[in-house]
Amino acid sequence: MPELPEVEVTRLSFADRIRGARVTGVRVGKPLRWPLGADVDDMIGQRVGEVSRRGKYLWLALERGGLLMHLGMSGSLSFAAHAAEPGPHDHFDLVTARGTLRLTDPRRFGAVVWSRAADAPPAATLLAGLGVEPFDERFDGTHLHAALRRRRVSVKSALLGGEIVVGAGNIYACEALFEAGIDPRTRSDRISRPRADRLAVAIRQTLARAVELGGSTLRNFRDAHGAAGAFQLDAKVYGRAGQPCLRCATPIRRIVQNARATFFCPSCQKR
DNA sequence: AAGTGGACCTGCTAGC
DNA sequence: TGCTAGCAGGTCCACT
């Protein structure tokens, strides 16, 4: 589910409310992708600091370390003053004096990992190798073009990999390529400089618009207040196989690249 | 080294 | 109506 916009929308929906709250309890449910890696008692009594985002990860700072969280494919976080009894998919609760931060994740590809610092292992190891942030000023056509030139995979795979630029997952990679008029099958190293310029702009604009719309709710994404996103209603190609392109009426095609579905307009998007 | 495909886990939907 | 195959927003790892 959660690509950069969903993670950012989630962060914005609880960061201010949890900041300064003291941890009074921790509850762990079924195993997630990695073990928590800490004695839960050690967290009790610590104050929550800033919540920041790197790619699709959230870093929840505590006084003597922090929690690196990932929502996987089906995760969402809720923050409520009075948490309900945990359900079968509620796998982590951080109980504070101000409310409970809860990770709900049916598929359990998500993670909550304790780390002494964001730039120390294991957090640093998980964050190592991530590409530039799309809203960072260092991300532009020059950077994107240079990075794409070094790869021979399809441009769609290059974006999904997250080693060049983080944040665009399957939905937003498809949407950004549509906005830039680029066929997702085009080899990364064949993207011209002008097209890289357009793609960089498209990635940034697509992700920014998705954040404004509260992300995409395909099935179960909710922000920490429980609100659904609306970007899925705005998608031009994702999930629209067989339906007419909103720009030229050509039927949208669905293909499979690296075992992931790709949606594109065969007329608007060129090799 | 870079690229590809499988693995992780559960729930929902389309089709028979 | 009920079963089943196929599919889903991510990313790590083994293998070529």
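Reminder, nothing fancy here: chain letters follow the sequence lines and each chain counts from 1. Note that the coordinates shown come from a computational prediction; the quantities given were computed from them, not determined experimentally.
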Round to the nearest Å and state the distance from [X] atom [atom1] to [N] atom [atom2].
{"X": "A/M69", "N": "C/dG10", "atom1": "CE", "atom2": "C1'", "answer": "17 Å"}
{"X": "A/L126", "N": "C/dC13", "atom1": "CG", "atom2": "P", "answer": "9 Å"}
{"X": "A/L68", "N": "C/dC12", "atom1": "CG", "atom2": "P", "answer": "11 Å"}
{"X": "A/E163", "N": "C/dC13", "atom1": "CD", "atom2": "C1'", "answer": "13 Å"}
{"X": "A/L32", "N": "B/dT10", "atom1": "CG", "atom2": "P", "answer": "11 Å"}
{"X": "A/N220", "N": "B/dC9", "atom1": "CG", "atom2": "C1'", "answer": "13 Å"}
{"X": "A/F109", "N": "B/dC8", "atom1": "CZ", "atom2": "P", "answer": "9 Å"}
{"X": "A/I164", "N": "B/dG3", "atom1": "CD1", "atom2": "P", "answer": "10 Å"}

Using a cut-off of 4.0 Å on non-hydrogen atoms, how would the nucleic acid contact of [X] be classed: base, sugar-phosphate, or nothing?
{"X": "A/R152", "answer": "sugar-phosphate"}
{"X": "A/Y57", "answer": "sugar-phosphate"}
{"X": "A/R108", "answer": "sugar-phosphate"}

Below the 4.0 Å mark, does [N] have OP1 or OP2 next to a side-chain nitrogen or oxygen of [X]?
{"X": "A/K30", "N": "B/dC9", "result": "no"}
{"X": "A/H89", "N": "B/dG11", "result": "yes"}
{"X": "A/R260", "N": "C/dG10", "result": "yes"}
{"X": "A/R254", "N": "C/dA8", "result": "yes"}

Side-chain donor or acceptor of A/E3 paired with backbone N/O of A/I171 under 3.5 Å: yes

A/T125 side-chain N/O to A/P121 backbone N/O, donor-acceptor pair under 3.5 Å: no

Aromatic ring proximity A/F263/A/F178, centre distance under 6.0 Å: no

Check: B/dA2 base within 3.5 Å donor-acceptor of A/R151 side chain: no

Residue A/N258, side-chain heavy atoms: nucleotide from B/dT4, B/dG3, B/dG11 that is nearest: B/dT4

Residue A/W34, side-chain heavy atoms: nucleotide from C/dC12, C/dG10, B/dT10 that is nearest: C/dC12

Mate of C/dT1 where both pairing distances stay under 3.5 Å, Watson-Crick or G-U: none

Complement of C/dC7, any strand, by Watson-Crick or G-U distances under 3.5 angstrom: B/dG11

5' precedence on DNA chain B between A/P88 and A/R33 (nearest-nucleotide basis): A/R33

Nearest-angstrom distance, P atom, C/dT11 to B/dA1: 23 Å

Single hit among A/T100, A/L103, A/T104 for side-chain contact (heavy atoms from CB on, under 4.5 Å) with A/D90: A/T104

A/F79 and A/F14 aromatic ring geometry - parallel, tilted or perpendicular at 30°/60° bounds: tilted

Polar contact flag, side-chain donor to acceptor under 3.5 angstrom, A/T142-A/R193: yes

